[in-house]
Amino acid sequence: MNDRCRYLSYMLRMWETDDGESRIWRASLQSPGSGERRGFADLQSLMDFLAHQAERQDEAGREPDAEGREGR
């Protein structure tokens with residue numbers, strides 16, 4: 001069993017803007033480790049990105065360890 005702690009950390013910024021017809025929430029995430037920032041045009045894009053990142057972490061946890069067992 002793999003006991004390593006896996007986590008994701010981001011600074012979240014959200015703001016409301018007007019596209020001329022309606023109000024829209026925009027967002028950005030910044031990685032505290034690298035400083036990399038990613039912007040999102042809407043909240044659904046933000047949620048899709050976070051879901052994808054979590055899936056990648058899950059897949060990494062299932063990779064075989066040094067003894068050929070699946071990690072968790």
Side-chain angles (χ1 to χ4, degrees):
M1 180 169 177
N2 188 343
D3 291 329
R4 70 181 169 177
C5 178
R6 295 178 294 134
Y7 70 94
L8 298 169
S9 176
Y10 298 102
M11 178 184 300
L12 170 66
R13 292 181 176 91
M14 294 175 57
W15 62 98
E16 193 177 34
T17 187
D18 188 333
D19 71 354
E21 296 179 18
S22 60
R23 305 292 291 172
I24 299 173
W25 280 97
R26 309 265 191 216
S28 71
L29 291 177
Q30 184 172 359
S31 171
S34 69
E36 179 183 356
R37 188 176 300 164
R38 180 181 291 261
F40 302 91
D42 55 49
L43 295 182
Q44 187 59 54
S45 299
L46 168 65
M47 297 307 295
D48 291 345
F49 173 81
L50 291 173
H52 178 73
Q53 295 302 303
E55 288 170 8
R56 286 182 52 197
Q57 287 292 311
D58 286 346
E59 290 169 3
R62 287 192 295 267
E63 293 176 358
D65 64 16
E67 296 175 9
R69 296 181 302 230
E70 234 180 46
R72 276 272 164 203

Q: Applying side chain to side chain contact (heavy atoms under 4.5 Å, CB included), name anything that partners Glu36, two or more places apart in sequence or on another chain.
A: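 Here the qualifying residues are Ser34, Arg38.
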
Q: Roughly how far apart are Leu8 CG and Arg56 CZ, rounded to 0.5 Å?
A: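 So the gap between those two atoms works out to 9.0 Å.
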
Q: Taking only residues at least two apart or on different chains, which pairs with a member in residues 15-39 satisfy ring pair (Phe, Tyr, Trp, His ring centres under 6.0 Å)?
A: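 Matches after skipping sequence neighbours: none remain.
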
Q: Under 3.5 Å, side chain of Arg13 to main-chain N/O of Ala27, donor-acceptor pair present?
A: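 Such a contact is absent between Arg13 side chain and Ala27 backbone.
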
Q: Side chain to side chain contact (heavy atoms under 4.5 Å, CB included) with Asp18: which residues, sequence neighbours excluded?
A: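 Side chain to side chain contact (heavy atoms under 4.5 Å, CB included) check on Asp18 returns Arg23.
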
Q: Can you list everything that forms a side chain to side chain donor-acceptor pair (under 3.5 Å) with Arg37? Sequence neighbours excluded, please.
A: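 Gln30.
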
Q: Do the non-hydrogen side-chain atoms of Ser22 and Ile24 ever get within less than 4.5 Å of each other?
A: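 Counting from C-beta outward, Ser22 and Ile24 do come under 4.5 Å.
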
Q: Side-chain donor-acceptor contacts of residues 43-54 below 3.5 Å, not counting sequence neighbours, with atom names and distances?
A:
residue, atom, partner, partner atom, Å
Gln44, NE2, Asp48, OD1, 2.8
Ser45, OG, Asp42, OD1, 2.8

Q: Can you name the nearest heavy-atom pair linking Tyr10 to Pro32, along with the distance?
A: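 Distance-wise, the nearest heavy atoms are CA-CD, 4.1 Å.
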
